[in-house]
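Below you'll find the structure, written out as structure tokens, and then a few comments.
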Amino acid sequence: MFNYKLIRLGYRPVFYLMFAGGICTGSIVGLLFFIMDRSSLGFLGGAFITLLAGLTSGLFGLIYTLVFNTLAPTAGGIPLQIISLPDSPKQDQSSLDLPSK
């Protein structure tokens, strides 16, 4: 029934995804901080909060990946079933030709 087992994750893609998610979430908090302060210090503080949220989220992603890569081989991994998509119908080549003048 299942044709693959997920037992290892790459660290770099997980860090990038978690960093991007942290940046998006932290930007909301940083924007609110900037709106409430309304100064250049508020802008820089909001940018710092955004960067800090992204780095923290990426660090947590690395920790989660380390724990998963350590425990997944002993637990048997996560079974996945991957099937190919059905082929799309082919277009008739004559419909793609340009009209002649």
Side-chain angles (χ1 to χ4, degrees):
M1 182 166 205
F2 298 107
N3 53 1
Y4 290 98
K5 284 191 177 183
L6 184 63
I7 50 176
R8 280 196 62 77
L9 291 174
Y11 289 99
R12 190 174 291 170
V14 171
F15 177 78
Y16 289 156
L17 288 174
M18 294 293 285
F19 180 75
I23 289 289
C24 292
T25 306
S27 65
I28 295 170
V29 177
L31 185 63
L32 290 175
F33 187 72
F34 172 63
I35 289 172
M36 290 190 315
D37 194 4
R38 292 187 182 166
S39 69
S40 62
L41 184 62
F43 176 72
L44 293 175
F48 177 73
I49 288 172
T50 301
L51 180 64
L52 190 64
L55 290 175
T56 303
S57 179
L59 183 65
F60 279 129
L62 289 177
I63 293 169
Y64 297 150
T65 305
L66 176 70
V67 170
F68 179 80
N69 286 345
T70 304
L71 297 178
T74 60
I78 299 174
L80 298 173
Q81 182 180 7
I82 300 175
I83 57 173
S84 62
L85 294 174
D87 291 335
S88 61
K90 303 285 183 193
Q91 283 188 340
D92 186 18
Q93 190 67 15
S94 63
S95 67
L96 297 177
D97 291 326
L98 296 174
S100 60
K101 293 183 182 180

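Excluded from the calculations below are hydrogen atoms, water molecules and symmetry mates; all remaining heavy atoms, backbone and side chain alike, are included.
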In this structure, CD1 of Ile23 is separated from CG of Leu51 (nearest 0.5 Å) by 5.5 Å

Is there a continuous path of hydrophobic side-chain contacts, each under 4.5 Å between heavy atoms, that joins Ile7 to Ile82? no

- Task: Apply side chain to side chain contact (heavy atoms under 4.5 Å, CB included) to Val14 and Leu62, showing your working.
- Result: CA-CA 7 Å; Val14 171; Leu62 289 177; 5.8 Å; no

*Would you confirm whether Ser27, through its side chain, and Cys24, through its main-chain N or O, come within 3.5 Å as a donor-acceptor pair?*
yes

Note: with side-chain heavy atoms under 4.5 Å as the link, the other cluster members for Phe48 come out as Leu52

Rounded to the nearest 0.5 Å, the CZ atom of Arg8 sits from the OG1 atom of Thr70 at a distance of 8.5 Å

Residues pairing under ring pair (Phe, Tyr, Trp, His ring centres under 6.0 Å) where one sits in residues 6-29, two or more places apart or in two chains, turn out to be Phe15-Phe19

Between the OG1 atom in Thr50 and the CG atom in Leu55, the distance rounded to the nearest 0.5 Å is 11.0 Å

Here the pair of heavy atoms bringing Gly22 nearest to Ala53 is O-CB, 3.7 Å

Heavy-atom nearest pair, Ser57 first then Met18, reads OG-O, 2.8 Å

Cluster check Leu80, Phe68: I/L/V/M/F/W/Y, side chain < 4.5 angstrom: yes

#### Entry: Co-membership, hydrophobic cluster, residues Leu59 and Leu66, 4.5 Å side-chain
no

When every non-hydrogen atom of Leu6 is compared with those of Ala72, the smallest separation belongs to O-CB, 4.5 Å

- Message: I'd like to know if the side chain of Thr74 and the backbone of Leu71 have a donor-acceptor N/O pair within less than 3.5 Å.
- Response: yes

Of all heavy-atom pairs linking Gly10 and Thr65, the shortest is O-CG2, 4.2 Å

